[in-house]
Each structure stands twice: as structure tokens, then as C-alpha cells.
Engineer: 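Sharing a structure below in C-alpha cells format, with a few things to ask.
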There are 2 protein chains.
Amino acid sequence: MAHKAVNLKMLSETLGLSQTTVSRALNGFPEVAEKTRARVVEAAERLNYRPSPSAASLATGKSRLIGHVVSLSTHIMINPHFADFIAGAGEVYAESGYDILLRLAPLEEQERIYLNLAQDQRVDGVVVHGPLTGDRRIGILNALGLPFVVHGRSDEEGSDYAWMDVNNRRAFHRATEFLVDLGHRRIALVNGLETMNFAERRRQGYATALAERGIRLDETLMFSGDMTEPQGYRATRELMALQEPPTAILVASVLPAMGVARALGEAGLRPGPDMSVLAFDDCLSFLEPIDTDAPRDIPYFTAMRSSIRDAGKRVARMLLDRIDDPRRPLESELWEADFVIGQTTAPPSRR
Amino acid sequence: MAHKAVNLKMLSETLGLSQTTVSRALNGFPEVAEKTRARVVEAAERLNYRPSPSAASLATGKSRLIGHVVSLSTHIMINPHFADFIAGAGEVYAESGYDILLRLAPLEEQERIYLNLAQDQRVDGVVVHGPLTGDRRIGILNALGLPFVVHGRSDEEGSDYAWMDVNNRRAFHRATEFLVDLGHRRIALVNGLETMNFAERRRQGYATALAERGIRLDETLMFSGDMTEPQGYRATRELMALQEPPTAILVASVLPAMGVARALGEAGLRPGPDMSVLAFDDCLSFLEPIDTDAPRDIPYFTAMRSSIRDAGKRVARMLLDRIDDPRRPLESELWEADFVIGQTTAPPSRR
DNA sequence: ATCGAAATCCAAAGCGCTTTGGAAACTGGC
DNA sequence: GCCAGTTTCCAAAGCGCTTTGGATTTCGAT
């Protein structure tokens with residue numbers, strides 16, 4: 001193990017070359033002979049030379065860091081979805097030699113933070129998480145000229161931006177239709193926080209599907225909040241206390257869906273035969289069987305399914321592409337959720 | 001908005017001071033007059049001066065970045081616990097002007113990564129996640145002289161290190177005793193991966209408690225694996241298929257505990273009256289009610305409880321302290337888990 | 001008044017990399 | 001052989017900060 005890290009100067013001296021040439025050889029510039037390059041690379045390897053990131057960053061203005069600013073105030077809880085998203089994204093970053101700079105901050109501070117990150121050149125790009133409808137972060141980022149990709153959409157007027165989203169409206173439209181086709185008329189919606197754009201779209205899909213089938217919206221069947229297990233539990237208890245309870249529940253995530261199942265269980269009802277439960281499933285890793293060789297069970301929940309980890313990969317890829325070429329045309333991508341039939345949906349029981 | 005970011009040189013010129021003085025004024029050195037300092041600070045504020053992190057990093061060798069290297073290979077899944085831990089840690093970092101550098105990498109690459117991070121001076125310290133018994137990362141980090149704190153313990157021989165852990169052995173010892181006191185004799189253990197040190201300790205606590213009460217260990221009642229919901233589900237199904245099923249199940253996390261509950265529900269059994277379920281609860285945010293004003297429900301699971309988010313805070317604090325003064329004596333901290341009685345434990349039903 | 005100490009401030013040398021603007025050394029074609 | 005055109009390489013100027021080693025000023029005490 002070298003006692004003192006070897007730097008470019010030392011390396012170039014050992015080679016009898018200038019720093020310029022060595023630097024260029026290592027960074028793949030065309031104006032250095034292949035033979036020289038090979039020599040340089042070999043020596044670098046042998047001496048365990050590693051360029052200093054901060055020096056490189058100072059000279060180039062690039063940090064090879066991708067900013068992820070997420071909120072975790074008590075209200076908008078840190079969602080477990082984030083871990084899987086970042087798992088996907090991080091894999092892509094690692095392949096390309098980038099690291100994640102993670103900063104935790106409440107939403108109201110994020111605009112300022114983006115401004116600082118941009119001015120400091122601390123990151124080469126950022127991913128916007130959990131966009132609201134009319135999210136102000138997007139305008140700021142466009143003004144700053146900092147490359148970014150939005151996970152989700154914001155419906156921001158006028159400003160264009162790169163995004164990747166799942167078709168939440170369509171997914172919930174289809175899910176609602178599916179339940180109606182099974183014979184359900186009273187369908188509850190346990191939604192995410194509707195200040196979030198994705199939750200708003202989901203409600204729209206649900207609402208239009210009902211309207212198309214001539215079913216009137218019933219506010220008492222609609223819930224909105226952070227997608228936790230207790231949310232599902234509580235909503236279900238309230239629903240079952242209604243004079244005319246629903247026969248089906250549409251849930252925004254598998255997490256609250258588990259709360260739904262727990263509440264039903266306590267009441268002696270079985271998901272499926274007694275109450276249909278249909279959830280949006282982000283394929284969260286801790287809810288999946290790990291052993292992929294094992295015979296795959298029939299999925300428990302009937303669900304609209306879209307891997308958030310894959311979304312993380314895709315968003316990261318898009319962002320790195322933008323960083324490589326900031327003036328490329330803005331991309332956007334809309335994924336359709338898979339519809340998988342599980343054990344928790346059935347025609348309404350008549351009692 | 002300034003068109004071009006103002007740097008130290010410009011700032012010092014506007015003030016008619018040298019860069020040295022300005023730098024010292026801003027960094028709180030004693031050899032600058034209070035009056036001058038005030039002037040400098042005011043001007044810095046007014047001109048929106050922000051020191052360049054990479055330049056500062058190059059000059060000082062400090063990056064103000066804390067490394068978190070986590071694995072997410074398919075085998076060791078990215079655990080949802082991580083999100084909450086990082087939520088706590090990130091809060092502390094943010095207060096002190098640090099950011100998280102997050103790198104995803106399989107365990108077998110982590111030693112090399114620490115080496116690189118240290119040589120590159122890319123981070124000022126690291127947190128070690130998920131220590132194994134005899135974890136090699138600890139020796140490497142000690143050799144590198146990179147400040148670090150271990151979340152958990154490793155039982156590494158000889159090498160000393162700073163750590164923070166919950167008393168897993170005691171917690172599972174107490175839990176087992178509690179169940180025995182209720183009259184249970186056949187108690188299953190659905191444990192985490194026992195290559196992880198924490199899971200090993202938990203098994204020890206369980207085993208010694210049983211031994212003390214003269215109950216023979218039964219391998220068919222013991223499971224070990226990634227702590228997912230399906231793990232609990234599958235284990236429970238296997239347990240119920242036994243000729244002589246257990247009357248109580250000790251579970252390593254609330255996540256598999258939910259799988260346990262689901263399996264029981266399907267079989268028409270109710271957690272508590274029909275089968276006792278006792279879980280270790282990390283207070284995962286997505287399983288907690290968010291609205292803390294609401295009357296708090298009686299906790300569902302009887303559990304040993306210790307907030308992983310608080311652990312994140314504490315570990316971060318310890319690490320920052322070490323970075324401030326690397327030669328301070330090594331600290332370690334052992335937390336006792338709270339024991340909370342919920343609705344899922346009862347004396348064994350006799351049937 | 002005068003002197004040493006304390007308080008202020010500064011010029012300049014790094015930190016380790018990239019990159020500009022040439023210079024020197026090869027080519028091949030005549 | 002000689003010259004224009006490539007190749008191949010280099011010296012030196014940044015990038016923006018911290019910090020060393022003084023220089024200058026201020027000030028209380030003699």
C-alpha cells in the first residue's frame with residue numbers, strides 16, 4: 001500500500017512525460033499515440049494512481065454527483081418507495097462512475113437548495129421526486145440550467161421538462177372498470193396525498209371510469225393521505241362502519257392495502273370473497289419473495305403493477321444522457337402498468 | 001440573480017481586503033477584528049457569495065460528505081429499514097452542513113470501495129451498515145484511518161471500533177421469557193439472515209432463554225432469511241403444517257410479522273387468541289400512523305421496539321464527533337428495546 | 001516618548017487537475 | 001532534400017480556496 005497517494009505530477013515524472021500528455025492519455029483524448037497511452041495506463045495501474053475528484057471537479061466544474069433532494073418531514077413521510085427507486089437509479093449511476101448526493105429537506109426548502117447546489121456546482125444534475133401539480137421546483141431548475149429529470153409529472157404550464165411516469169390515470173381507469181365489470185357499484189378509493197400529482201391523476205381515472213358507467217361519485221368512499229399501513233386500516237374501519245359499505249376498495253399502494261387486509265381480517269371478512277381489494281403495486285422489494293427460483297406464488301393482491309426500481313433505472317439513464325448532452329431534445333416516457341389478477345378480487349357478495 | 005457566481009477574489013476586492021482576511025473572517029478565525037468580520041459577513045451575504053465546495057475540498061482535504069455504502073444485490077435486498085435510518089442520519093448531517101454520498105454496491109466490493117473513497121478523500125467518514133460477524137470492512141477502515149461508526153456490531157477480534165447497537169440478545173431473551181411465562185412451550189423464531197451479526201445475537205437470546213427454562217431447541221421451528229413480508233407468510237404456512245405446530249411466533253421485524261398475520265388470517269386463525277405473535281419493531285415510518293395528534297391506537301403487535309430513525313440520528317452524531325476529533329476515545333452505545341404489549345399475544349389456546 | 005506584545009492584515013505558495021496555445025518531431029509527395 | 005501537413009507532446013495558466021510566514025499597526029505599560 002503506497003504511503004502517500006501518487007498524483008499526476010509524480011506519475012508524469014516517472015513516465016518522463018508531461019502532465020498534459022498523461023492526463024490526455026488517461027482521459028482518452030485522440031491526440032496521444034496509442035503506444036504512449038498504453039504505457040501511461042500501465043504505469044497508472046501499477047502505481048495505483050487515482051485522480052483526485054475535488055481537483056478534477058475544480059478544474060472541470062463537474063462533480064460526478066447526482067443530487068437527490070427528498071423530504072421527510074413528519075407530514076410527508078419518507079416513503080419506502082424511495083429506497084427501491086434509489087436502488088434502481090444507483091445501479092445505473094455506479095456503472096457510469098457517478099455517485100448519489102442525498103440531501104434531506106422539507107419541500108419548502110428545496111427550491112433554495114437546488115439554487116445552491118447549482119451555484120456551488122456540487123452536482124451535475126438532479127432528480128425531482130414527488131412532483132406536485134404546478135410544482136415550482138421545475139421552473140427554478142429550468143431557470144438554473146441544471147440538468148434534471150422528473151419522476152412523475154407536474155402539469156406545469158409553459159415550462160417543458162424531461163419526465164418519466166407511469167400512466168396512473170389509465171391504470172386506475174382500468175382498475176375501476178374491472179371492478180364495475182365484476183358487478184361492483186360501490187367502490188372505495190384509498191388514495192395517496194392528492195397534493196401529489198400522481199394521486200390526482202389516479203383519482204381522475206377512478207372518477208371518469210365511474211362517470212362513464214353512470215355511477216355517482218360518493219365522497220364518503222374516498223380517502224386521501226400518506227400511503228401507510230395504518231392509513232389503509234383506518235380507512236377500512238371507517239368504510240365498514242358506513243350504513244352502506246362498499247363492496248370493493250381501490251388502494252394506492254400495497255402498503256395501505258395490507259392495512260385494509262388487516263382491518264378486514266379483524267372483522268372476520270376475507271379479501272376477495274367478502275370484499276374486493278385492488279392495489280397499485282410498486283413491486284417493493286420487501287414485499288416480494290426474494291428467492292426467485294422458488295415456484296412463484298399466485299400473487300396475493302390483484303394489482304396494477306409497475307416496478308419502481310425499474311423506474312429508478314430509467315430516470316437515472318435519462319438524466320445521465322441529459323448531462324452528457326444538455327441540449328438534446330427533452331424526452332419523456334409514459335409506462336403502462338401491468339394488470340395482474342390475484343386472489344383479492346371477486347364479484348360482490350350479496351348479503 | 002448574479003450572472004456569474006462571485007468568488008473569494010471578487011469579494012475581497014470589493015471589500016478592499018485580502019483573500020486571507022476574508023477567508024478567515026468567514027471561517028471564524030480569531031485573528032480578525034470583530035468589526036471587520038461583520039463587514040465581511042454582510043458583504044458576503046449581500047453579494048450572495050458561496051465558497052466553492054470543490055475548491056475548499058481541494059485545499060483542505062475535507063469533502064463534507066459522509067459515505068454510506070449499501071448493498072442491494074438481489075440476495076441482500078435493500079431493506080426498508082435503510083430509508084428510515086438515513087432519514088434520521090440525514091437530519092443530523094443537514095444541521096451540520098454535511099451531505100450523504102450514497103453508493104450502492106454488493107458486499108464483496110465494499111472493501112475496495114472504502115479504500116478508494118479514502119484515497120480519493122471523497123468522504124470525511126463512513127457509516128458501516130449491516131455488519132457481519134467478523135466483518136472485514138472494519139479492519140480495512142481502521143487501517144485506512146478513515147473515521148467510521150458501525151451501526152450494529154461485528155465481534156471483530158482485536159480491532160476496536162465505534163458502534164451503536166440495540167441489545168438484540170437481551171430483547172429476544174426477554175421476549176422469549178415473556179412467552180414462556182404466558183405458558184408457551186413451542187415457540188417459533190422467524191429470524192433475519194443469520195450471517196448478519198444482529199440476527200445471530202437474536203437467536204442466542206432466544207436459545208438461552210429457552211435453555212434456562214428447560215425447553216429444548218427445535219430446529220423445525222427456526223427460520224432465517226431476508227426480512228420480507230413473504231418470508232413471514234411462508235414460514236407460518238410451514239409451521240402450521242407441522243404435526244405439532246407452535247403456539248407462538250417470534251418475528252425479527254414487523255414486515256415478516258405482517259406476512260405471519262396474513263397466513264394466519266387465511267387459515268382462519270387470529271393473531272393473539274389463536275397464535276401469539278411477537279415482533280421486533282423498528283418503528284418504520286410507513287407502518288406508523290402519521291397523524292400524531294389522533295388518539296393513538298393500542299399497538300397491534302406486541303413488540304420489542306426501538307426506533308431505527310433515532311439510531312440513525314445517534315450514529316450520525318457519533319460520526320460527526322469523530323470527524324471533528326479523530327483521536328477521541330472510541331465510543332459505543334447499547335440501547336435497550338422497549339417492550340410494548342399489543343394485541344397479538346395471549347396464553348396458548350388449548351385445543 | 002518608547003518598547004515589546006498583541007492585534008490585524010497580507011502576499012504568495014500550494015492543493016491536483018484540465019486545457020490553451022504552441023513547439024518539436026514525424027510523415028509523405030514532389 | 002524540402003516543405004506543408006499531421007502527430008505527438010509540452011509549458012504554463014488557470015480553477016477557487018486555505019494557510020504559512022511575515023509585515024504592519026495598535027496599544028498598554030514603562
Side-chain angles (χ1 to χ4, degrees), chain A residues 2 4-41 43-44 47-65 97 116-124, chain B residues 2 4-41 43-44 47-65 97 116-124:
Chain A
K4 183 87 176 111
V6 31
N7 59 20
L8 186 58
K9 191 170 165 203
M10 296 159 67
L11 178 59
S12 63
E13 279 166 1
T14 350
L15 281 163
L17 291 173
S18 78
Q19 297 192 31
T20 310
T21 307
V22 175
S23 169
R24 288 189 161 156
L26 259 21
N27 292 328
F29 280 64
E31 54 268 72
V32 39
E34 255 339 300
K35 221 169 60 180
T36 317
R37 190 194 309 281
R39 248 182 77 216
V40 171
V41 168
L47 299 186
N48 189 28
Y49 167 73
R50 315 198 86 234
S52 146
S54 40
S57 170
L58 178 57
T60 60
K62 299 296 176 191
S63 63
R64 301 209 73 99
L65 245 29
N116 291 346
L117 288 176
Q119 182 178 343
D120 295 352
Q121 302 196 88
R122 192 129 215 238
V123 297
D124 297 343
Chain B
K4 183 85 175 114
V6 29
N7 59 18
L8 186 59
K9 189 171 168 202
M10 296 160 68
L11 177 59
S12 63
E13 279 166 2
T14 352
L15 281 162
L17 291 173
S18 77
Q19 297 192 30
T20 310
T21 306
V22 175
S23 169
R24 290 189 158 156
L26 259 21
N27 293 328
F29 280 62
E31 56 265 75
V32 41
E34 255 338 300
K35 222 169 61 181
T36 317
R37 188 194 310 282
R39 249 182 77 216
V40 171
V41 168
L47 300 186
N48 188 29
Y49 166 73
R50 316 198 85 233
S52 147
S54 40
S57 170
L58 179 57
T60 60
K62 299 295 174 191
S63 64
R64 302 210 71 99
L65 246 28
N116 291 346
L117 288 176
Q119 182 177 343
D120 296 352
Q121 303 195 89
R122 192 126 217 241
V123 298
D124 296 344

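Here is the naming used below: chain letters follow the sequence lines, and residue numbers restart at 1 for every chain. These numbers come from the heavy atoms of this one structure, side chains and all, not from hydrogens, waters or symmetry mates.
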Engineer: Would you say A/S12 and A/Q19 make side-chain contact, with heavy atoms under 4.5 Å?
Structural biologist: yes
Engineer: For A/T20, give me all partners under side-chain contact (heavy atoms from CB on, under 4.5 Å), at least two apart in sequence or on another chain.
Structural biologist: A/S18, A/R24
Engineer: Separation of A/D120 atom CG from D/dC15 atom P, in whole Å?
Structural biologist: 17 Å
Engineer: Between A/Q19 and B/K9, who's closer to the 5' end of DNA chain D by nearest nucleotide?
Structural biologist: A/Q19
Engineer: How would you list, by chain and number, every residue that makes a side-chain contact (heavy atoms from CB on, under 4.5 Å) with A/A55, sequence neighbours excluded?
Structural biologist: A/S52, B/L58
Engineer: Enumerate donor-acceptor pairs with a distance under 3.5 Å from any side-chain N or O in residues 28-35 of chain B to protein atoms, sequence neighbours excluded.
Structural biologist:
residue : atom : partner : partner atom : Å
B/E34   : OE1  : B/R37   : NE           : 3.4
B/E34   : OE2  : B/R37   : NE           : 3.2

Engineer: Using only atom types and a distance under 3.5 Å, with no angle test, would you say the side chain of B/S63 pairs donor to acceptor with the backbone of B/R122?
Structural biologist: yes
Engineer: If you compare every side-chain N and O of B/T21 against the phosphate oxygens of C/dC10 (OP1, OP2), does one of them come in below 4.0 Å?
Structural biologist: yes
Engineer: Distance check needed: D/dC10 C1' versus A/L15 CG, whole Å only.
Structural biologist: 14 Å
Engineer: Round to a whole Å and report the spacing from CE of A/M10 to P of C/dC15.
Structural biologist: 12 Å
Engineer: Quick one: which protein N/O atoms are closer than 3.5 Å to N/O atoms of nucleotides 25-27 of chain C? Pair and distance per line, please.
Structural biologist:
none

Engineer: Checking side-chain contact (heavy atoms from CB on, under 4.5 Å) for the pair B/L26/B/Y49: CA distance, chi angles, key distance, verdict?
Structural biologist: CA-CA 11 Å; B/L26 259 21; B/Y49 166 73; 3.6 Å; yes
Engineer: Can you pull out how bent the helix from C/dA1-D/dT30 to C/dC30-D/dG1 is, comparing the axes over its first five and last five pairs, to 10°?
Structural biologist: 40°
Engineer: Could you tell me which residues satisfy side-chain contact (heavy atoms from CB on, under 4.5 Å) with B/A59, sequence neighbours excluded, listed by chain and number?
Structural biologist: none
Engineer: Not counting sequence neighbours, which residues clear side chain to side chain donor-acceptor pair (under 3.5 Å) with A/Q119? List them please.
Structural biologist: B/N48
Engineer: Of all of residues 52-64 of chain B, which get a heavy atom below 4.0 angstrom from DNA chain C, listed by number?
Structural biologist: B/L58, B/A59
Engineer: Using whole Å, what does the distance between atom C1' of nucleotide C/dT8 and atom CZ of B/R39 come to?
Structural biologist: 13 Å
Engineer: Rounded to the nearest Å, what distance is computed from the CG atom of residue B/L11 to the C1' atom of nucleotide D/dT18?
Structural biologist: 15 Å
Engineer: For B/L17 and C/dA11, give me the distance from atom CG to atom C1', rounded to whole Å.
Structural biologist: 14 Å
Engineer: For DNA chain C, find the residues of residues 24-32 of chain B with a heavy-atom distance under 4.0 Å and give them by number; none if there aren't any.
Structural biologist: B/R24, B/E31, B/V32
Engineer: Looking at A/T36, does any N or O in its side chain come under 4.0 Å of the phosphate oxygens OP1/OP2 on D/dC9?
Structural biologist: yes
Engineer: Is A/S23 near enough to C/dT18 that one of its side-chain N or O atoms lies under 4.0 angstrom from OP1 or OP2?
Structural biologist: yes
Engineer: State whether A/S18 places a side-chain N or O below 4.0 Å from either non-bridging phosphate oxygen (OP1 or OP2) of D/dC10.
Structural biologist: yes
Engineer: Output the rounded distance in Å from CZ (A/R122) to C1' (D/dG16).
Structural biologist: 15 Å
Engineer: Want to settle it: does B/G16 or B/Q121 sit nearer the 5' end of DNA chain C, counting the closest nucleotide to each?
Structural biologist: B/G16
Engineer: My understanding is that only residues two or more places apart in sequence, or in another chain, count here; which of them pass side-chain contact (heavy atoms from CB on, under 4.5 Å) with B/Q121?
Structural biologist: none
Engineer: Would you indicate whether the side-chain heavy atoms of A/T21 and A/L15 approach each other to under 4.5 Å?
Structural biologist: no
Engineer: Considering non-hydrogen atoms only, spot the tightest contact between B/D124 and B/G61 and give its length.
Structural biologist: OD1-O, 4.3 Å
Engineer: Rounded to whole angstroms, how far apart are CZ on A/R50 and P on C/dC17?
Structural biologist: 12 Å
Engineer: Restricting to salt bridge (Lys or Arg N to Asp or Glu O under 4.0 Å), what partner residues turn up for A/R64, sequence neighbours left out?
Structural biologist: none
Engineer: Going by the rule salt bridge (Lys or Arg N to Asp or Glu O under 4.0 Å), which residues pair with A/R50 if we only count those two or more places apart in sequence or in a different chain?
Structural biologist: B/D120
Engineer: Does any part of the side chain of B/V6, heavy atoms only, come nearer than 4.5 Å to the side chain of B/T14, both counted from C-beta?
Structural biologist: no
